[in-house]
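Report on the structure given below.
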Amino acid sequence: MTGKCRLPDTYTLIVAEKPKAAARIALALGGRRASKCTYNGVPYWILQAENGGIVIGSAAGHLFGIRPLGKGFPIFTYEWAPRFEVEKKSQHIRKFYDTLRMLAGRASAYINACDYDIEGSLIGYMIIEAFGEPRKAYRMKFSSLTEEELVEAYRRVGEIDLRMVEAGRCRHELDWLWGINVSRALMLSLRRATGQWRVLSAGRVQSPTLAAAVERDMQRRLFVPLPLFTLKVQVEIDGKAYSLEYMGGVFETRGEAEKARSALRKAGTLRVVDASSRRMLEQPPPAFNLGDLQMEASRIYGLSPYKTQRIAEQLYLNALISYPRTNSQKLPSTLNYAGILGRLKEINDYGRLIDTLLEETGGKLKPRQGRKDDPAHPAIYPTGRKPGKLGRDEWRIYDLIVRRFMAAFSKPHVYLRETVIFNAAGMRFRLSGLRIVEEGWRRYYYFKKHREKVIPRLRIGDEVKIRKLGISMTYTKPPQAYTKASLVKWMENVGIGTEATRARITEILFERKYLSTGPRGAVESTDLGINVYGFLKEFFPDLVEVDLTRRFEEYMEQIKKGEVSREKVLGEAKSVLTSLIEAFKPRMGEAGVQLGKSLGLIKPVRKCPICGKESSPDNIYGFCQHHSKALRELRKAEAEWMRRAGIRGVRYARMISRMSLAGRWIREVAGYLSSRGT
DNA sequence: GCAAGGTC
Ligand SMILES: [Zn+2]
């Protein structure tokens with residue numbers, strides 16, 4: 001270390017959460033006077049201010065983690081230790097750790113400048129506690145990394161936020177206590193019953209997510225479609241055929257549909273009672289937050305949310321896009337939009353499009369802002385830096401972000417919704433057309449298809465002849481399957497996990513083989529998943545509820561306000577866990593047998609003739625519990641099928657067994673019954 | 001080996 005990289009005799013060490021933030025802080029406080037240095041490849045900055053030296057170093061997220069003290073179950077003893085000692089995969093942390101230790105050794109004061117939330121407070125404090133002196137610690141508070149805000153935050157640097165630190169520690173420790181203990185309960189149960197060891201897990205975020213996925217999949221597997229009838233009316237206008245939509249919806253029974261059809265047949269013609277055209281505006285979508293990006297990448301390219309996230313993180317590290325782990329749909333007003341668009345013009349694909357955008361807006365660049373916000377980061381936007389060679393999927397994600405950014409400045413998409421309403425025999429029918437007036441933002445972000453449909457001009461009083469008239473039988477539809485992306489969206493909507501963890505945590509459920517994906521990315525539950533969910537609901541019901549996160553959040557708020565101590569909250573959690581575990585222990589083996597059976601490790605006493613799993617004692621065919629349930633659902637729906645369509649018995653069973661809309665267990669049971677003629 | 005949360 002010579003010259004500009006020699007540490008000043010006295011200096012304040014500013015600890016940032018990540019190198020990119022450290023760079024922004026150095027730039028804001030020192031401008032060109034800040035010298036960038038490296039130690040083991042980790043950057044830090046030195047600058048001389050009026051009131052002494054400043055050194056800016058960086059963490060890389062959490063440098064400390066929890067490890068158990070001792071063995072066994074339950075386990076309530078643990079300690080905080082360097083991350084690279086706790087997790088093998090965290091070796092890259094070491095060089096950040098070493099650099100901060102080196103920088104902290106000779107500092108005379110410390111400023112925690114990590115993100116202003118409980119995690120950031122903890123990250124910075126643990127470093128200062130380990131390498132420095134908490135008595136000389138201060139806190140910088142800011143919600144964005146703009147120069148003005150950083151300068152102001154430094155000027156107003158305050159006392160260290162010990163309560164925030166306590167809340168952060170408490171959150172980690174609570175998650176650890178619940179997660180590790182209940183995961184061990186699962187694994188020990190299985191081992192007690194089968195002698196086998198296998199990784200199983202449960203946690204505050206993953207388990208409610210498992211519950212949501214299993215519940216939805218069960219509804220689908222047990223779904224019996226019911227018949228519905230609609231009128232199919234085709235008219236001829238100027239020699240062209242058009243299909244009309246019956247505005248009364250659907251008929252439940254064939255009888256009602258037939259009555260309507262004969263009335264219509266008698267009328268023979270339809271009279272136009274209303275013809276209108278409505279101008280519709282579709283506002284531009286706001287710039288992406290991570291969840292929206294993951295949803296769109298899944299919808300358009302079939303990319304999993306985790307893959308999308310990893311790509312976005314890489315684009316961010318290559319300075320092509322802003323910070324991606326954000327919930328915000330808002331672009332900062334301080335951003336130089338014209339500058340970014342000007343640089344994006346250099347990229348072939350966007351040159352002409354950006355010309356159009358600048359012309360269209362007349363240079364007035366005001367983005368559409370979304371509703372969702374984030375305490376520390378704006379929506380995702382391109383930096384304008386020209387990308388090198390990107391892979392196919394990398395380009396796709398980058399392109400989505402750029403186009404969505406452009407679209408945010410554009411005008412509404414305008415179209416005409418044309419509607420003609422017909423009447424005959426007291427029934428109403430509709431013919432709808434769509435004409436695009438102005439492409440607007442869809443010119444830039446064209447991934448949502450909008451099809452034009454031309455319909456003839458008609459006036460009130462016009463009569464048209466019915467050309468074809470029929471009844472078609474349709475069916476009620478099962479609830480939509482989750483995809484990985486919609487499961488992540490579900491987590492976002494109920495407020496569990498964070499941008500950084502949601503996709504990763506859903507992947508854990510697939511890794512554990514609790515869930516799998518079927519056709520078109522449909523999330524399906526496995527037998528193991530269903531049984532792990534059953535286990536948790538029975539012995540640790542708190543853990544499958546989203547509400548546990550709400551309770552955690554309330555505790556953290558109370559700790560932040562100083563209304564309750566970390567020790568008190570942890571003490572309560574331990575006592576709740578202790579009593580749940582005491583109730584669970586005597587039934588550990590029995591619970592393990594269920595898990596063992598779901599994995600095929602324990603032979604059933606009596607086999608379900610359909611799937612070979614353990615028979616349910618109350619079922620005359622010897623079906624397992626799932627197929628017994630399916631049988632009950634099938635019987636329940638039979639009366640309804642008879643009433644609506646006059647179908648029952650073997651014909652009913654045969655029909656259902658071939659319907660792809662019917663749930664899998666339902667089809668299997670129907671197939672079994674129809675092959676036996678019952 | 002088990003969680004969830006930071007970031008590389
Ligand atoms: Zn079965």
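Only this structure's heavy atoms are used, side chains among them; waters, hydrogens and symmetry mates stay out. Residue numbers start from 1 in every chain, and the chains themselves are labelled A, B, ... in the order their sequence lines are given, proteins ahead of strands.
For A:Y316 and B:dT7, the shortest distance from a side-chain N or O to OP1 or OP2 is not below 4.0 Å. Taking side-chain N and O atoms only, A:R198 has no distance below 4.0 Å to OP1 or OP2 of B:dC2. Within the structure, every side-chain polar atom (N or O) of A:R171 is placed at least 4.0 Å from both OP1 and OP2 of B:dG5. Look at A:S183 and you won't find any side-chain N or O under 4.0 angstrom from OP1 or OP2 of B:dA3. Checking the phosphate oxygens (OP1, OP2) of B:dA4, no side-chain nitrogen or oxygen of A:T501 falls inside 4.0 Å.
The residue A:E313 sits apart from the nucleic acid: no heavy atom pair falls under 4.0 Å. Among the atoms of the strands shown, base atoms are found under 4.0 Å from some heavy atom of A:I66. Using a 4.0 Å heavy-atom distance criterion, A:R169 is classed as making no nucleic acid contact. No engagement by A:F73 is indicated, since no non-hydrogen atom pair under 4.0 Å with the nucleic acid exists. Residue-level contact check: A:D115 touches the backbone only, with heavy atoms under 4.0 Å from sugar-phosphate atoms and none from bases. At a threshold of 4.0 angstrom between heavy atoms, the contacts of A:I93 include nucleobase atoms, whether or not backbone atoms are also involved. A:G497 comes within contact range of the sugar-phosphate backbone alone, with a heavy-atom separation under 4.0 Å but no base atom that close. Counting any heavy atom pair closer than 4.0 Å across all strands shown, A:R204 reaches sugar-phosphate atoms only and no base atom. Residue A:G203 is in sugar-phosphate contact alone, with no base atom involved, counting any heavy-atom pair closer than 4.0 Å across all strands shown. Across all strands shown, A:A202 has heavy atoms under 4.0 Å from sugar-phosphate atoms exclusively, and none from any base.
In this structure a side-chain-to-backbone donor-acceptor pair under 3.5 Å is missing from A:E149 to A:F142. Listed for the A:D161 side chain is no donor-acceptor partner under 3.5 Å among the backbone atoms of A:R163.
Comparing B:dA4, B:dC2, B:dT7 by their nearest atom to the side chain of A:E87 picks out B:dA4. Side chain of A:E119, nearest nucleotide from B:dC2, B:dG5, B:dA4: B:dG5.
Between A:W490 and A:Y482, the ring-plane angle classifies as perpendicular under the 30° and 60° cut-offs.
Of the charged side-chain nitrogens involved, at least one lies within less than 4.0 Å of a carboxylate oxygen, so that A:K489 and A:D292 count as a salt-bridged pair.
Between A:F64 atom CZ and B:dA3 atom P the separation is 22 Å, expressed in whole Å.
A cation-pi contact, defined as under 6.0 Å to the ring centre and within 45° of the axis, is absent between A:R184 and A:F73.
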